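Worksheet for the structure shown next.
Worth saying up front: this structure is predicted, and the values here are computed from it rather than measured.
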Amino acid sequence: MPSGPRTNANDKKKRWRWALRIWDLVVDQWFLIVMGILIVFASQVQVPKPHQPLKQTVVNYVAVSIIFFINGCTLPTQVLVENLSRWKVHIFTQVQCYLLTSSISYGVVSACATDKHFMDPALLIGIIILGCLPTAISFNTIMTRKANGNGALSIAQSTIGSLLGPFLTTALIKLYTSTGAWYTDFLPETEGFTETYRYVFKELGLSVFAPLLVGQIIASVFPRLVKTVFLEWKMSKLSSFALLVIIWSTYDGAFESDAFSEVRSDNMVFVVFILIALFLVCIAIAILVSWLWLSREDTIAVAYLVPTKTPAMGVPITTIMFMGLPEAAQSRMKLPMVIYQGIQTTLSSLLTIPLRRWQATESARRQLVQVETLELGDQSQDTGSHRRPAINRSVSTIA
């Protein structure tokens, strides 16, 4: 056969192979693509200002409730309880979520505050508040599962972090904004701590604990129905759509308040690069220190828990703590949280690809060890040997 037809056939195969790879990437990162479309849509069309509070309330309760109801239905109760009892990992993770991220954020702000005429003080305060926030309770659960991490540990840590949030977040914000630095001069006296606690615990009870408990009950009463609906019919994907609604709502509110248009372009670019660096540094530290003693599934969960932050709690806490601050200043203060949500979503979604491959190599190694262990056991039985085969023990069980 002439070489010409063979060459054409090979070229066609290569083109199809690249087309399939691109399609696989699009399918894998559909969440990121849809998020970009929703942000563009929010920049052009916004919910009218009088309806913004109602929209925010509905989204915060309904969308978050859907996510945790699905988690309650699909997560075995025994696995959740086992991960809730791992107090060493809880301390290890929460120290990073609050003390590590807040100290790094404060250090970055202190380094950037050398020129009073360059940075908007409201943006600097916004970066400090961002570092003090608890982890994103619904976002990192979805991303952890997408990266084949320990979803049960992610839910347990997110719940604990959210319970600590009203106390630790407000205390850390008060600590870092009471230093007497020039960028804190425009702030009013912080107040409303009781109102902050009431708001956060009410939201947690109605949108997190109640749906999670109902999901667990339904899964125990109707296990076959739950398996059919959420696994065979793929209805668990609804949690990803609910998260997209939360992200759209955040950007819709930011564009409606003209938060982006009130900030100088050089300040905006600077904040974006600072927030990207903040995310990468925090997730790198989380992976490195976790890998020393945790399994890869647990490491992935911690890696998403530490750098991700929730504007759903940051925005109301900022509003309540700094009552009396002009609306324009509050909008600029909340802007780093809004920008960071887009950054953490983009980078977290892209990182699921290498993290998933990294976890897969560990799973393959474990399966190989299990096979070798079984073969050794069979050989010892055949030869009458009483030697005990090696047991593969995960490092994470000591936690």
(request) Quick one: list whatever passes side chain to side chain donor-acceptor pair (under 3.5 Å) with Asp266, sequence neighbours left out. (result) Arg264
(request) Mind checking side chain to side chain donor-acceptor pair (under 3.5 Å) for Glu256 and listing every partner two or more places apart, or none if nothing turns up? (result) none
Answer yes or no: is there a side-chain heavy-atom contact under 4.5 Å between [X] and [Y]?
X      : Y      : result
Gln96  : Val302 : yes
Ile300 : Asn150 : no
Tyr98  : Thr169 : yes
Leu278 : Leu130 : yes
Asp298 : Ser290 : no
Tyr340 : Leu133 : no
Ile67  : Thr141 : no
Thr93  : Leu153 : no

Residues in ring pair (Phe, Tyr, Trp, His ring centres under 6.0 Å) contact with [X], at least two apart in sequence or another chain:
X      : result
Tyr176 : Tyr106
Phe186 : none
Phe92  : Trp293
Phe31  : none

(request) Provide the full list of side-chain hydrogen bond (donor to acceptor under 3.5 Å, both in side chains) pairs with a residue in residues 304-317, sequence neighbours left out, each pair given once. (result) Thr101-Lys309, Thr135-Thr308, Asn140-Thr308
(request) Give every residue pair that meets the side-chain hydrogen bond (donor to acceptor under 3.5 Å, both in side chains) criterion with at least one member in residues 232-245, sequence neighbours excluded. (result) none
(message) According to salt bridge (Lys or Arg N to Asp or Glu O under 4.0 Å), who are the partners of Arg145, at least two apart in sequence or on a separate chain?
(response) none
(request) Evaluate side-chain contact (heavy atoms from CB on, under 4.5 Å) for Leu123 paired with Ile127, printing each intermediate quantity in order. (result) CA-CA 6 Å; Leu123 293 176; Ile127 295 175; 5.6 Å; no
Enumerate the salt bridge (Lys or Arg N to Asp or Glu O under 4.0 Å) contacts for [range], please, sequence neighbours excluded, ordered by first and then second residue.
range          : result
residues 55-81 : Lys55-Asp252
residues 20-34 : Asp28-Arg356
residues 36-53 : Lys49-Glu327

Of all the heavy-atom pairs spanning [X] and [Y], show the shortest one and how long it is.
X      : Y      : answer
Cys132 : Ser102 : SG-CB, 3.9 Å
Met119 : Leu124 : CE-CD2, 3.9 Å
Asp258 : Ser261 : O-OG, 3.0 Å
Ser105 : Gly131 : OG-CA, 3.3 Å
Ser103 : Leu100 : OG-O, 2.9 Å
Ala303 : Ala286 : CA-CB, 4.0 Å

Counting N and O atoms only, with roles assigned by atom type, does the side chain of [X] sit under 3.5 Å from a partner on the main chain of [Y], one being a donor and the other an acceptor?
X      : Y      : answer
Thr170 : Phe167 : yes
Ser158 : Ile155 : no
Ser349 : Thr346 : no

(request) State, without any angle test, whether Gln56 and Gln52 hold a side-chain donor-acceptor pair at a distance under 3.5 Å. (result) no
Say you draw a straight line from [atom1] of [X] to [atom2] of [Y]; how long is it, rounded to the nearest 0.5 Å?
X      : Y      : atom1 : atom2 : answer
Cys73  : Ile217 : SG    : CD1   : 10.5 Å
Thr159 : Asn83  : OG1   : CG    : 11.0 Å
Leu335 : Met333 : CG    : CE    : 11.5 Å
Met268 : Asp120 : CE    : CG    : 10.5 Å
Ile128 : Thr179 : CD1   : OG1   : 7.0 Å
Leu99  : Leu172 : CG    : CG    : 6.5 Å

(request) I would like to know whether Ser154 and Met143 meet side-chain contact (heavy atoms from CB on, under 4.5 Å); could you show each step before the answer? (result) CA-CA 10 Å; Ser154 181; Met143 289 298 162; over 6 Å; no
(request) Test Ile70 against Leu238 for side-chain contact (heavy atoms from CB on, under 4.5 Å), laying out the working first. (result) CA-CA 8 Å; Ile70 294 174; Leu238 285 176; 3.7 Å; yes
(message) Tell me whether the count of non-hydrogen atoms from other residues, nucleotides or ligands lying under 6.0 Å of CH2 in Trp182 goes above 12.
(response) yes
Cluster question for you: counting only ILVMFWY and a side-chain heavy-atom cut-off of under 4.5 Å, with indirect links fine, are [X] and [Y] together?
X      : Y      : value
Ile104 : Val95  : yes
Ile142 : Met235 : no
Leu350 : Ile33  : no
Val34  : Val45  : yes
Val62  : Leu213 : yes

(request) Scan Leu38, Val59, Thr345 and name whichever one has a side chain to side chain contact (heavy atoms under 4.5 Å, CB included) with Ile247. (result) Thr345
(request) On the 0 to 90° scale, with breaks at 30° and 60°, tag the Phe260-Tyr251 ring pair as parallel, tilted or perpendicular. (result) parallel
(message) side-chain contact (heavy atoms from CB on, under 4.5 Å), that's the test. Do Gln29 and Thr352 meet it? Break it down for me.
(response) CA-CA 9 Å; Gln29 297 298 316; Thr352 57; 3.7 Å; yes
(request) State yes or no: are the ring centers of Phe255 and Trp248 separated by less than 6.0 Å? (result) no
